[in-house]
Amino acid sequence: MDIVVKGRKTEVPERFRKHVAEKLKLEKIQKLDGKVISLDVEVSKEHNPRQADRSDRVEITLHSRGPVIRAEAAAADPYAALDLATGKLEARLRKQHEKRFNRRGNGRLSAAEVPDVVPGVAQLNANGATAAEEAAEAAATTTTMVGSLEVQGEGPLVVREKTHVAAPMTLDQALYEMELVGHDFYLFVDSDTKEPSVVYRRHAYDYGVIHLRTDPFAGSEAGGAGGALGG
């Protein structure tokens, strides 16, 4: 695995390059992600005196046969920024490692172990339904109004509305932002089409993207974008 250290509008001392090689322990990284190909470390400097406490920025980009993982941090000197960025990178690597570990089925309960861990889950009533199903059926008989919606039972329904101001961005930038926040999807405005789009993580380690195009003459059709994330 290669480590490439480069500076953006700044010189990178040889001493710092050696420190990067010592700080980014390859054995630890490869243990968390055995598919790592290379690590890019970019150092940049902010010359504005008002940003003295965040004048040095370090961005680490990990390339592998899985998703690209990035971590960045800013501090008063590049060594402190590297420490912060390394901590973020290792945290995201551990998260990805645990996700793959759980996906393979490790740590999952067998059917025989479920009643011991979740009391009452396997208890059936006279009609052959579980206690949870019986309670859900009883709750479904009630009808309430949530705004202009008529809802049967207690849900599950979460009504929450948020409005965000977003600058248009490219698909690559949207992928980058999604990795930074650690979500499985990211809503953005495409800088080319100026239309809303969603990038999301699919099975394995590839991505999908959904573009919405406004059509005032289009009618409501079943199977629209609302169910497309599972594809």
Side-chain angles (χ1 to χ4, degrees), residues 1-100 164-194 197-201 205-207 209:
M1 180 176 66
D2 298 325
I3 299 179
V4 179
V5 183
K6 57 185 178 181
R8 184 172 63 186
K9 298 180 181 180
T10 186
E11 292 293 330
V12 181
E14 186 62 29
R15 178 188 172 196
F16 183 78
R17 295 178 185 272
K18 293 181 179 179
H19 182 72
V20 169
E22 295 171 356
K23 185 68 179 178
L24 295 174
K25 296 179 174 58
L26 301 184
E27 297 83 1
K28 185 175 183 179
I29 292 175
Q30 289 176 327
K31 184 177 180 180
L32 294 172
D33 189 344
K35 299 179 180 180
V36 177
I37 299 173
S38 65
L39 277 169
D40 292 341
V41 180
E42 184 177 271
V43 184
S44 59
K45 191 169 185 66
E46 172 60 59
H47 297 285
N48 187 344
R50 296 181 179 179
Q51 301 290 331
D53 58 335
R54 298 172 58 85
S55 60
D56 290 277
R57 179 174 295 276
V58 173
E59 178 182 308
I60 306 174
T61 304
L62 183 148
H63 299 278
S64 72
R65 291 191 290 275
V68 173
I69 299 177
R70 289 185 176 89
E72 62 176 317
D77 64 81
Y79 294 91
L82 177 64
D83 289 344
L84 293 173
T86 301
K88 291 181 180 179
L89 179 71
E90 291 178 354
R92 287 170 185 163
L93 280 172
R94 283 193 294 269
K95 182 178 179 180
Q96 287 287 340
H97 179 73
E98 292 170 0
K99 187 175 181 180
R100 289 194 299 268
H164 295 277
V165 178
M169 64 178 66
T170 63
L171 175 60
D172 288 342
Q173 180 67 19
L175 284 170
Y176 173 72
E177 295 290 339
M178 184 179 73
E179 291 297 340
L180 284 182
V181 298
H183 290 173
D184 289 333
F185 70 94
Y186 192 83
L187 175 65
F188 68 102
V189 177
D190 192 290
S191 58
D192 292 330
T193 65
K194 302 300 185 294
S197 302
V198 174
V199 64
Y200 62 98
R201 199 185 312 280
Y205 300 104
D206 55 348
Y207 301 93
V209 60

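- Applying the salt bridge (charged side-chain N to carboxylate O under 4.0 Å, His left out) criterion to K45, with sequence neighbours excluded, gives D56.
- Applying the salt bridge (charged side-chain N to carboxylate O under 4.0 Å, His left out) rule to pairs touching residues 9-22 yields nothing, sequence neighbours excluded.
- If you take CG on D192 and OG1 on T170, they are separated by 8.0 Å, rounding to the nearest 0.5 Å.
- With sequence neighbours excluded, the residues satisfying side-chain hydrogen bond (donor to acceptor under 3.5 Å, both in side chains) with D184 are K99, R201.
- Not counting sequence neighbours, E46 has no partner by the side-chain hydrogen bond (donor to acceptor under 3.5 Å, both in side chains) test.
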List the steps and the verdict of side-chain contact (heavy atoms from CB on, under 4.5 Å) for V12 and V41. CA-CA 11 Å; V12 181; V41 180; over 6 Å; no

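- D190 contributes atom CG, which lies 12.5 Å from atom CD of Q173 (distance to the nearest 0.5 angstrom).
- Proximity of V43 to V20: side-chain heavy atoms (C-beta onward) are nowhere separated by under 4.5 Å.
- By the side chain to side chain contact (heavy atoms under 4.5 Å, CB included) test, A81 pairs with V58, A75, sequence neighbours left out.
- With sequence neighbours left out, the side-chain hydrogen bond (donor to acceptor under 3.5 Å, both in side chains) criterion links S44 to no other residue.
- Counting all heavy atoms, side chain and backbone alike, R92 lies closest to A71 at NH1-CA, 3.5 Å.
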So L175 and V68, side-chain contact (heavy atoms from CB on, under 4.5 Å) or not? Walk me through it. CA-CA 9 Å; L175 284 170; V68 173; over 6 Å; no

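- Between F188 and Y186, the ring planes lie parallel to each other; the angle is under 30°, not in the 30° to 60° tilted range.
- Looking at every heavy atom in both residues, A85 comes nearest to A73 through N-CB, 3.6 Å.
- Identified under the side chain to side chain donor-acceptor pair (under 3.5 Å) test for residues 74-83, with sequence neighbours left out: K23-D83.
- Taking CG of L24 as the start and NE2 of H19 as the end, the distance is 9.0 Å to the nearest 0.5 Å.
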One pair to check against side-chain contact (heavy atoms from CB on, under 4.5 Å): M178 and Y207. What are the steps and the verdict? CA-CA 11 Å; M178 184 179 73; Y207 301 93; 3.3 Å; yes

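- Partners of E90 under the side chain to side chain contact (heavy atoms under 4.5 Å, CB included) rule, at least two apart in sequence or in another chain, are K28, T86, R94.
- Every residue two or more places apart in sequence or in another chain that forms a side chain to side chain contact (heavy atoms under 4.5 Å, CB included) with E42 is listed here: K6, R8.
- Listed by chain and residue number, nothing satisfies the side-chain hydrogen bond (donor to acceptor under 3.5 Å, both in side chains) test with R70 (two or more places apart in sequence, or in another chain).
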